[in-house]
Amino acid sequence: MIVWINGAFGAGKTTTARELIDLIPNSTLFDPELIGAGLTQLLPAKRLAEVGDFQDLPIWRRLVVDTAAAMLAELGGVLVVPMTLLRQDYRDEIFGGLASRRIAVRHVLLAPAETILRERIADREVPPDLPDGEIRVRQWSYDHIEPYHAALAGWLTADAHPVDTSALTPYEAAVRIAGAVSGGTVPVCDIVQTPEPTSETVAAGVLLFDEQDRVLLVDPTYKAGWEFPGGVVESGEAPARAGVREVAEETGIQLADVPSLLVVDWEPPVPPAYGGLRLLYDGGRLDGDEARRMLLPGPELRAWRFVTEEEAAGLLPPVRYERLRWALRARERGAALYLEAGVPKG
């Protein structure tokens, strides 16, 4: 299990986490900040200059998941992780990756009043040997108060168990968190445990259209980015039937007919992903009543929307958009297409 301690920069996460490991039996502190520090030594300066925060590096998010899983495999017990996460897509990617390893996450939010938060930031120690320490430590914390409030007003409060630490010492906050975790007040994050692939996979997606011929996209909770309804084909399962099953599980829509194939796309392996075959099917047009009956969002999906092809270009990753673009052309022509990495062949 992981107890993830979230909160604004300067909220006292690390200090509270150090107190917490003395209160939770067989627990270990894991600070992802160390991975960020290591990457500053490992990655070229040019790559580091492309991002404003090491959290924006995909390698950081992957290494957080991999390191946490390796530490739990080595030590067992509980990991206490003090780390600010203000972007919901990063939370989804990291927590979804942990869920795929069958690692439960209990998400706690340290939430002092803003006046108290600013006082604590002002009192933060700046290492004397740190270049530009005042800017990198104190000003950084001030600059992230606004993004913190934006996350708080949106997804963060609903996702995490808040603890008002305005009048609490770090030890008192740790005692409250330990009691909430042991007493079950902090639930395990509601995120689908999608097993991590160990080899190439076959995945089936289904395109569903509204009365204006816009296509349905969904926003999964367990990974970053918009997607089509669908998922990995299980062993012994027909791909088209897998698409029908996934549509029913994700949206509540029962497709009466087996959907027709639009695209077969071979996705090459790009570590750490294994790639495989990606199939897109035509699930047909939904009338207004069917669209209104969709059971979204749920544990698997955060949001959904019908979009035009142009709007999809701004939401989907490039290869996924190319898959959609050619699927729409195949739908117009009435003939399926074979692609490799989103490019038609033959």
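The basis for the numbers below is simple: all heavy atoms, side chains too, and nothing from hydrogens, waters or symmetry mates.
Just one of L286, L328, L216 meets the side chain to side chain contact (heavy atoms under 4.5 Å, CB included) condition when paired with F209; it is L328.
The hydrophobic cluster containing M71 does not contain I24, counting ILVMFWY residues as joined when their side-chain heavy atoms lie under 4.5 angstrom apart, directly or transitively. No continuous path of hydrophobic side-chain contacts links V206 to V258 [ILVMFWY only; heavy atoms under 4.5 Å]. Cluster annotation: V81 and I21 are assigned to distinct hydrophobic clusters (Ile/Leu/Val/Met/Phe/Trp/Tyr, side-chain heavy-atom contacts under 4.5 Å, transitive). Under a hydrophobic-cluster definition in which Ile, Leu, Val, Met, Phe, Trp and Tyr are linked whenever side-chain heavy atoms come within less than 4.5 Å, directly or via other members, L261 and W266 are assigned to the same cluster. Linking ILVMFWY residues whenever their side-chain heavy atoms come closer than 4.5 Å, directly or via other members, places I59 and F95 in the same cluster.
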Item to check | Steps toward side chain to side chain contact (heavy atoms under 4.5 Å, CB included) verdict (Y142, R118) | outcome: CA-CA 7 Å; Y142 285 130; R118 289 184 176 275; 3.7 Å; yes
Checklist entry - After noting the C-alpha distance and the side-chain angles of I177 and L110, does the key distance pass the side chain to side chain contact (heavy atoms under 4.5 Å, CB included) rule? => result CA-CA 10 Å; I177 293 169; L110 302 188; 3.8 Å; yes
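Looking at heavy atoms from C-beta onward, L324 lies in side-chain contact with L207 at the 4.5 angstrom threshold. Taking 4.5 Å as the limit, every side-chain heavy atom of V3 sits out of range of all side-chain heavy atoms of V105. Proximity of F228 to R320: side-chain heavy atoms (C-beta onward) are separated by under 4.5 Å at one or more points. The shortest side-chain heavy-atom distance between V108 and V163 falls under the 4.5 Å cut-off. Within the 4.5 Å cutoff, the side chain of W304 has no heavy atoms near those of the P229 side chain. In this structure, the side chains of R101 and L98 stay at 4.5 Å or more apart for every pair of heavy atoms. M83 is not listed as a side-chain neighbour of N6, based on a closest heavy-atom distance of 4.5 Å or more. Side-chain contact between L217 and F306 is absent, with no heavy atoms from C-beta onward closer than 4.5 Å.
By the 4.0 Å N-to-carboxylate-O rule, E310 lies too far from R325 to be salt-bridged with it. Note on R214 versus E311: no salt bridge recorded, every NZ/NE/NH1/NH2 to OD/OE distance being 4.0 Å or above.
Annotation: E74, atom CD; neighbour count of heavy atoms from other residues, nucleotides and ligands within 6.0 Å does not exceed 12. E146 CD: 12 or fewer foreign heavy atoms inside a 6.0 Å radius. Within a 6.0 Å sphere centred on CZ of R329, heavy atoms belonging to other residues, nucleotides or ligands number more than 12.
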What side-chain donor-acceptor pairs closer than 3.5 Å can you find for residues 149-159, not counting sequence neighbours?
residue: H149; atom: NE2; partner: E114; partner atom: OE1; Å: 2.9
residue: W155; atom: NE1; partner: L86; partner atom: O; Å: 3.2
residue: T157; atom: OG1; partner: L152; partner atom: O; Å: 2.8
residue: D159; atom: OD1; partner: R91; partner atom: NE; Å: 3.3
residue: D159; atom: OD1; partner: R91; partner atom: NH2; Å: 2.7
residue: D159; atom: OD2; partner: R91; partner atom: NE; Å: 3.2
residue: D159; atom: OD2; partner: H107; partner atom: ND1; Å: 2.7

Sequence neighbours left out, cut at 3.5 Å: what donor-acceptor pairs do the side chains of residues 333-346 make with other protein atoms?
residue: Y338; atom: OH; partner: E340; partner atom: OE2; Å: 2.7

Let me have the donor-acceptor pairs involving side chains of residues 9-19, under 3.5 Å, with sequence neighbours excluded, atom names and distances please.
residue: K13; atom: NZ; partner: A8; partner atom: O; Å: 3.1
residue: K13; atom: NZ; partner: T84; partner atom: OG1; Å: 2.9
residue: T16; atom: OG1; partner: G12; partner atom: O; Å: 2.8

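Checked by atom type and distance alone, the side chain of T40 pairs as donor or acceptor with a backbone atom of A37 at under 3.5 Å. No donor-acceptor pair under 3.5 Å is formed between the side chain of S166 and the backbone N or O of P112. Side-chain atoms of E172 come within 3.5 Å of backbone N or O of T169 as a donor-acceptor pair. The main-chain N or O of A248 is never found under 3.5 Å from a side-chain atom of T251 such that the two would form a donor-acceptor pair. For R61 (side chain) and Q55 (main-chain N/O), a donor-acceptor pair under 3.5 Å exists by modelled atom type. Without hydrogens or angle criteria, D210 side chain to D213 main chain gives a donor-acceptor distance under 3.5 Å. Within the 3.5 Å criterion, the main-chain N or O of P259 finds no donor-acceptor partner in the side chain of D282.
For the atom pair CD (E93) and CZ (R87), the distance works out to 9.5 Å, reported to the nearest 0.5 Å. Note that CG of L168 and CG of D164 are 7.0 Å apart. Values are rounded to the nearest 0.5 Å. For the atom pair CG (L85) and CD1 (I5), the distance works out to 12.5 Å, reported to the nearest 0.5 Å. For the atom pair CG (L262) and CG (L279), the distance works out to 10.0 Å, reported to the nearest 0.5 Å. Residue D89 holds its CG atom at 8.5 Å from CG of D219, rounded to the nearest 0.5 Å. Put simply, CG on L277 and CD on E200 are 7.5 Å apart, with the number rounded to the nearest 0.5 Å.
Grouped by direct or indirect side-chain proximity (heavy atoms under 4.5 Å, Ile/Leu/Val/Met/Phe/Trp/Tyr only), V319 sits alone. Residue L23 belongs to a hydrophobic cluster whose other members are Y171, V175, with links defined by side-chain heavy atoms closer than 4.5 Å.
When the ring pair (Phe, Tyr, Trp, His ring centres under 6.0 Å) test is applied to F54, the partners found at least two apart in sequence or on another chain are W60. Evaluation of the side chain to side chain contact (heavy atoms under 4.5 Å, CB included) rule for L72 yields I2, L79, I103 as partners, not counting sequence neighbours. By the side chain to side chain contact (heavy atoms under 4.5 Å, CB included) test, D287 is found to be paired with E211, D289, E290, residues two or more places apart in sequence or in another chain being considered. Scored by the side chain to side chain contact (heavy atoms under 4.5 Å, CB included) test, A180 finds H161, T185, V186 as partners (sequence neighbours excluded). Partners of F30 according to the ring pair (Phe, Tyr, Trp, His ring centres under 6.0 Å) rule, which considers only residues two or more places apart in sequence or in another chain, do not exist here. Not counting sequence neighbours, the partners of R305 by the side chain to side chain contact (heavy atoms under 4.5 Å, CB included) test are W226, V307, L315.
Within the structure, salt bridge (Lys or Arg N to Asp or Glu O under 4.0 Å) contacts touching residues 228-239 (residues at least two apart or in different chains) are E234-R245, E237-R245.
Scanning both residues, V263 and W326, for their nearest heavy atoms gives CG2-C, 4.0 Å. Considering every non-hydrogen atom in both V188 and A104, the closest pair reads CG1-CB, 3.8 Å. Counting all heavy atoms, side chain and backbone alike, Y281 lies closest to A240 at OH-N, 3.4 Å. Among all heavy-atom pairs drawn from L109 and A160, the shortest one is CB-CB, 3.8 Å. Taking every heavy atom of both residues into account, P82 and L29 meet most closely at CD-CD1, 3.7 Å. Closest approach of I94 and V65 over heavy atoms only: O-CG2, 3.6 Å.
In this model, a donor atom of one side chain and an acceptor atom of the other lie less than 3.5 Å apart for T201 and R278.
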